[in-house]
Amino acid sequence: MSNTEMSGIMGRCMMMCRDCASMCMMSSMMICRGSEFAKQMCEMCATVCDACATECEKMGEKMPACKECAEMCRKCAQECRNMMS
């Protein structure tokens with residue numbers, strides 16, 4: 001993989017991580033206040049967490065922090081699904 005390709009993947013990964021963090025924060029706030037839309041937010045949060053994990057996994061072999069991020073995102077996605085049931 002060239003440096004240019006790696007830079008593009010890393011940029012997308014960072015964007016996904018920011019989106020994921022924002023979605024997790026919003027979902028947790030909606031759950032805490034008992035929002036009637038909490039389940040829908042959890043569904044969206046699980047989707048975003050899975051997407052973030054997929055991006056982080058691409059860099060996981062080269063960057064241990066990305067591998068750890070992917071694992072945490074998968075766990076978060078599962079917890080969001082648990083909240084929906």
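- The line from CE of Met41 to OG of Ser27 is 4.0 Å long, rounded to the nearest 0.5 Å.
- Remark: Thr47 pairs with no residue by the side chain to side chain donor-acceptor pair (under 3.5 Å) rule, at least two apart or across chains.
- Going from atom CE of Met44 over to atom SG of Cys42 covers 12.5 Å, rounded to the nearest 0.5 Å.
- Between the CE atom in Met15 and the CD atom in Glu55 there is a gap of 9.0 Å [rounded to 0.5 Å].
- Counting only residues at least two apart or in different chains, side-chain hydrogen bond (donor to acceptor under 3.5 Å, both in side chains) contacts with residues 66-79 comprise Asp50-Arg74, Thr54-Arg74, Glu57-Arg74, Gln78-Asn82.
- Applying the 6.0 Å contact sphere to CE of Met30 captures more than 12 heavy atoms from other residues, nucleotides or ligands.
- Between the SG atom in Cys66 and the NZ atom in Lys58 there is a gap of 12.0 Å [rounded to 0.5 Å].
- Follow the hydrophobic side-chain contacts under 4.5 Å out from Phe37 and you never reach Met84; the two are in separate clusters.
- Applying the 6.0 Å contact sphere to CE of Met26 captures no more than 12 heavy atoms from other residues, nucleotides or ligands.
- For residues 22-40, no pair satisfies salt bridge (charged side-chain N to carboxylate O under 4.0 Å, His left out), with sequence neighbours left out.
- Under a cut-off of 6.0 angstrom, the local environment of CE in Met83 is sparse, with at most 12 non-hydrogen atoms contributed by other residues, nucleotides or ligands.
- Interatomic distance, Met72 CE to Cys52 SG, rounded to the nearest 0.5 Å: 12.5 Å.
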Output a table of donor-acceptor pairs, distance under 3.5 Å, between side-chain atoms of residues 16-25 and any protein atom two or more places apart or on a different chain; print 'none' if there are none.
| unit_1 | atom_1 | unit_2 | atom_2 | d |
| --- | --- | --- | --- | --- |
| Ser22 | OG | Arg18 | O | 3.1 |

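- Here the shortest heavy-atom pairing between Cys45 and Cys80 reads SG-SG, 3.5 Å.
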